[in-house]
Structure formats: C-alpha cells, structure tokens
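See below for the structure under consideration.
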Amino acid sequence: MKRTLALGGVAAGLLASAVVASPAAHAGSDHRAATLAGTNLAAKEVAAFWYGENKANLINATPYGVETKVVAKHVSKGGPSADSKPGVVPAIGDEKKSTAKSKNVNLPKTTGKVFFIGADHRPHWCTATSVQSSYHNLVATAGHCVYDTESNRATLDRWVFVPGYYQGKTPWGIYVGKTAYTHYDYDVYEDGDRDYAFVTVYNGVLPTVVDDGYGRDDHHGRDDHHGRDDHHGRDDHHGRDDRYGRDDHRGRGHDDRTLVRQISVREFQAKNRGKDLTGNGPWASGTSVVTKEITGREYDSRRDWYVSRDGETLYFRKEVRGRDDHHGGDHGHGDHRGPRDAAPSIVVTPTSTPSATPSASPSATPTVTPSATPSATPSPTWPGRREYRYFKRTFYVKSLRGGHGHGPIIALKDVGRLGDNVGGQGLAYNQKIGSSVFVFGYPSGYHPDGNNAFSGATLKWSYGKTFAASAAAVKGEELVGVKSSFTGEGAIGSSWLLQYKSARRLGYLNGVTIGLADTDKNDRIDTSVSPYFDGETYGVYKAAAGNWSGKIV
C-alpha cells in the first residue's frame, strides 16, 4: 500500500546485527503467489526446452525490452520511508558476522540471468540473484521479469534461472521456476513501488545425454564451465531471436514437439521467394532470422552484401548518413529496418543445384540477384564519405519432429539446490536513504546518444549512494535511485547489495533495478532506480522463503 511520509521519518542507523527485525504486522497479507511450473513433468519440459536444439533458444535470447527506460527525478521532499525498524536476513554462509574486507571487487556467484518467453513469443532474459531462504531455493528479480505486463497474462512462460550463464554454458545448471511471489499492489495495479519478485526454483539440472534426432550425442552430460565462477553470463548474441522459441504442441507428449533448426541462406530464400533478405520480412510462416551487428573489421568485403563460404550466413551493410534514426533499434531484432539511404536490397535466388549445402566453389554458391542494381559485385558509388553499419544474419525454420525415435532425447541429472551451489545473498529492508550499494547486473545496449557502452555479455558492477527518486510513468512515487551508467534492458533485475564483502562475495540485497533514466538530459543513461525495500517487501520475501521446491529428476 502507498504511504506518503516525510524523508525525515526514515529510520537511521547501520545494519545493527544479523537478527531479523519484525516487519509491519500487515505485510504478510500483501503477497500474491502464482505457479510457474507446478509439476515435475512441467519443470522437466521447461528445462528440456532450453537445453534442446543445442541450447539455441538460450543462446539467442535477447534482453527484455519492457518498461526499461523511465523518466526519473530526484525527490527533495518526501520520498520512501521505513515502516518499521531496520532489519536484515544474513546471506547463506554468512550467518556469523564477518568483518573481512578486500580492495578488489570480486563478482558474486549468486548473480545470473533469468530466461523466459515474452508476450512476443520470443526468448528473453533479465538479471536476477540467488537469496537466502529456508530451502536454499530462492531468486530475486524485478516484478516485470516475472509477470507479463505487456499482454496482461499471469506470468511469463518457461521461466528459468541460470547463475553464471556464459555463451550457452550453464555451469551450475538450469533452475526451473516453481512459484513466483509478488506484492498485491504490483500484481493488481502494476505499482512500480512494488516492482519486485521472489521466485522459488526446483533443484538445478544438467543434461547427461542430448540426442538431436540424428544419432548425435552432443553433450554427454558435460558442461565445459561446470563449477567455474569466473564467467558471468557472457552472451555475444545481441540478435533478437525471431524463432518464437515456443512449443505450440504442449500436451502432445515428449515425442511430438516444435523444434527450431538453422538452415542455409539458399533454403531460407526458397521458403521466402522474392523477399529482400536484408529487410524486415514478414517472413514465411515457420521461418525466422537472427541478426547481429558486427564491426567493419569483421565485415570481409567491399560489397554491400555477401554469403559466407559455407552458405549459412548472410553478411550485409547499410549506409548511414548523419544520424541513424534507428540508432541501435535493430541490430539483432531480426526485423531490420535500414536507414533511409540504405544500400540496395538483395534477393537470393536458389540455383538448380540439388545440394542444400553449397560447396566453396563459385558454381555451387547461391545465385544472388540484386533487386535494385544490375550487378551484384561492387557497391554503388556515392559522392563524399560513406559510413556503414554492418550486420550478419542467420536463418531458421520451425518444424515438427516426433515419434519413431526422431525427436530429441534429453536426459537430465540433478545437481542440487541453488543456494548450496552458488550461495545466496542476505536481505536488508527499512535501511536509511544515502547508504552505499554495489549494483551487479548485465547491462546491454545503447545510451540515447547511440554509444554502445555495454554488450550484456558479462557481469558488470557499479557503486554509489542511494537517493530518493520517483518515476510517474511506472507509478513509482517512492523509489530509490543510484548513479550508474548501466544501459539497456539487460540491467533490469540487477541486484543492489548493501555492505557487500568482496572477499566472501556476499552482502544484503537492498534493491533490484526496475528502470534506467537520463536525469540530466545529456543523452547518457546516468541513473538506475529500484523500489524501496521496506517491511512489506520483507513480508513478500518471507512468504516465499519458507517454501520447499524439491527435485525434478
């Protein structure tokens, strides 16, 4: 519920001890719970979905772009206020007070990415972190990384947490969400002051055998980074995955499911005859593209486009004159709308060669017919200096494989509880404004001025003191802010850790990023905002923290 109190009412003092103070008496009734995967069978299918097709949906997921950039401002009067005494819950393994200090900032093992299917039926991710709980099975993130505010559905689909995610690697396994707990005001009113969620997860799983249906066993239960904590979610694929990632045949059994596989440029063009492969579609039903922006150095040609020697990838460039109206708006959305002065579009026409996979010889490569110029080789010559943005695009088809031993077979093994594997941060609430916090997350994307500061590939950190803030667009009247250059959707759900001990990689969760703002209007993101954690936050946490999840295999 909303409270409007003067800033002077904020409880003062540091974290006094590891004893949990009693929150407001009404807090326990303010939570709402929603099932993500209610049965072992449902959880297995979710895990198999992300491990399937050689983790294609996991690798090609893109940052979640809902409610990311907000118009936030400092609040000099009023602001968030404590509703009871300050309290803390100690981190896993830190129940006994530790005074160890370190000058180095060691990144926490608890942080990772949550993956899910959005309202657009595509795979996306946010940042999240493991927190202390009775059964070592709890994850904290932003509320809109759990609830689908776009389509007003109850929850996002196929929700999993992957700590330490790195280029398709799942070093400590995949943890399927079981039940999501949010505040009543967020569930009902989408109140930004309550935009946080605590999710119980099943024990983690890793694949022991992955058979792709052609007799190839690609994994044998091995994960190259198992147990390593020096890679935090590196993901170099910024292309939006238009492969839907969705199983439209749930309930038909394990051997009758929707799959996605990569196809050659020639095969894709055969299914999309006459369409410009550098354009935005729409593509034929069941086909899709993944686009990634690359550097000019990676673009190995002076032509406006070319096909890779193996026929799997299309490389193309778009001329930029002055300010690109789409400054980062595509690269990788799979639906590129080029600048107004783009290079000529192209159409790739299959030859009569029966082979689906072209060889390196010129006669076997796809015949490429430009739609706007008579020659496919040189770029047209324009006067003056030319500037380009460069892209590579891969192509996919959605198909059904099942029955008779042709469907993928994924065997999973249990790897234990989340908190036992990576630990869990403590929780702090009703702390005073002006406290110093570390922010850990996976920022991605562009500043408003077009500078691509972060890739979303690896875990980053920032540091600053909290201040009172508000953001009317997300109904956030009692938020807290911190100065941070984190950009893009990937930062949503980032953990704000109070009294973080670098040597132990533990602290107290005291906020989660729900939005990013340019407060000084210089076209550079400079602020992250979070709900203020108070007694009602603790009430939602407490409702979630005592629930058992168990194994799925």
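Remember, it's a predicted structure, so these values are computed and weren't measured experimentally.
Proximity of a side-chain donor or acceptor of K271 to a complementary backbone N or O of A284 within less than 3.5 Å is not detected. Counting only distance, with no hydrogens or angles, the side chain of E293 and the backbone of K392 share no donor-acceptor pair below 3.5 Å. At least one donor-acceptor pair under 3.5 Å links the side chain of E298 to the backbone N or O of T295. Panel note: side chain N272, backbone K275; no donor-acceptor pair is recorded below 3.5 Å. Counting only distance, with no hydrogens or angles, the side chain of R393 and the backbone of L277 share a donor-acceptor pair below 3.5 Å. Proximity of a side-chain donor or acceptor of H124 to a complementary backbone N or O of T62 within less than 3.5 Å is detected. No donor-acceptor pair under 3.5 Å is formed between the side chain of S462 and the backbone N or O of K483.
Rounded to the nearest 0.5 Å, atoms CD (Q262) and CD (E53) are 10.5 Å apart. Distance check, rounded to the nearest 0.5 Å: OG1 of T287 to CD1 of I263 gives 7.0 Å. Rounding to the nearest 0.5 Å gives a distance of 7.5 Å between OG1 of T527 and CG of D520. With values rounded to the nearest 0.5 angstrom, N54 atom CG is found 11.5 Å from N57 atom CG. Going from atom OG1 of T155 over to atom CH2 of W159 covers 10.5 Å, rounded to the nearest 0.5 Å. To the nearest 0.5 Å, atom OH of residue Y175 and atom CG of residue L418 are 5.5 Å apart.
Here F115 and W50 bring their ring centres to under 6.0 angstrom of each other.
For H447 and T487, the side-chain atoms include no donor-acceptor pair closer than 3.5 Å. Side-chain atoms of T129 and Q425 include no donor-acceptor pair closer than 3.5 Å. With no hydrogens or angles considered, no side-chain donor-acceptor pair links S530 and Y196 at under 3.5 Å.
Under the 4.5 Å side-chain criterion, counting only non-hydrogen atoms from C-beta, N421 is not in contact with K109. Contact check for V146 versus L156: no side-chain heavy atoms found under the 4.5 Å cut-off. Here the side chains of K169 and V162 are not in contact, with every heavy-atom distance at 4.5 Å or above. In this structure, the side chains of W496 and V482 come closer than 4.5 Å at one or more pairs of heavy atoms. For the pair V474/D195, no side-chain contact is recorded, criterion being any heavy-atom separation below 4.5 Å from C-beta on. Side-chain contact between Y463 and V437: absent, with no pair of heavy atoms (C-beta onward) separated by less than 4.5 Å. Side-chain contact check for T141 versus V512: every heavy-atom pair is 4.5 Å or farther apart. Considering only heavy atoms from C-beta on, T313 stays 4.5 Å or farther from V307 through its side chain.
No cation-pi contact links R317 to Y390, judged by a cut-off of 6.0 Å to the six-membered ring centre and 45° from its axis. No cation-pi contact links R158 to F116, judged by a cut-off of 6.0 Å to the six-membered ring centre and 45° from its axis. Taking the ring centre of Y442 as origin, the terminal cationic atom of K113 falls inside the region bounded by 6.0 Å and 45° from the ring axis.
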From CA spacing to verdict: side-chain contact (heavy atoms from CB on, under 4.5 Å), Y306, Y299: CA-CA 9 Å; Y306 65 96; Y299 190 83; 3.8 Å; yes

Check against side chain to side chain donor-acceptor pair (under 3.5 Å), K318 and T278: CA-CA 9 Å; K318 298 287 186 178; T278 70; 3.1 Å; yes

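We find that D449 and R524 are joined by a salt bridge, their nearest charged nitrogen and carboxylate oxygen being less than 4.0 Å apart.
Ring geometry, F395 versus F268: the interplanar angle falls from 30° to 60°, so the pair is classed tilted. The aromatic rings of F440 and F438 lie parallel to each other, with less than 30° between the two planes, well short of the 60° mark. Taking the six-membered ring where the residue is Trp, F486 and F454 present perpendicular rings, their angle passing 60° and hence far from 30°.
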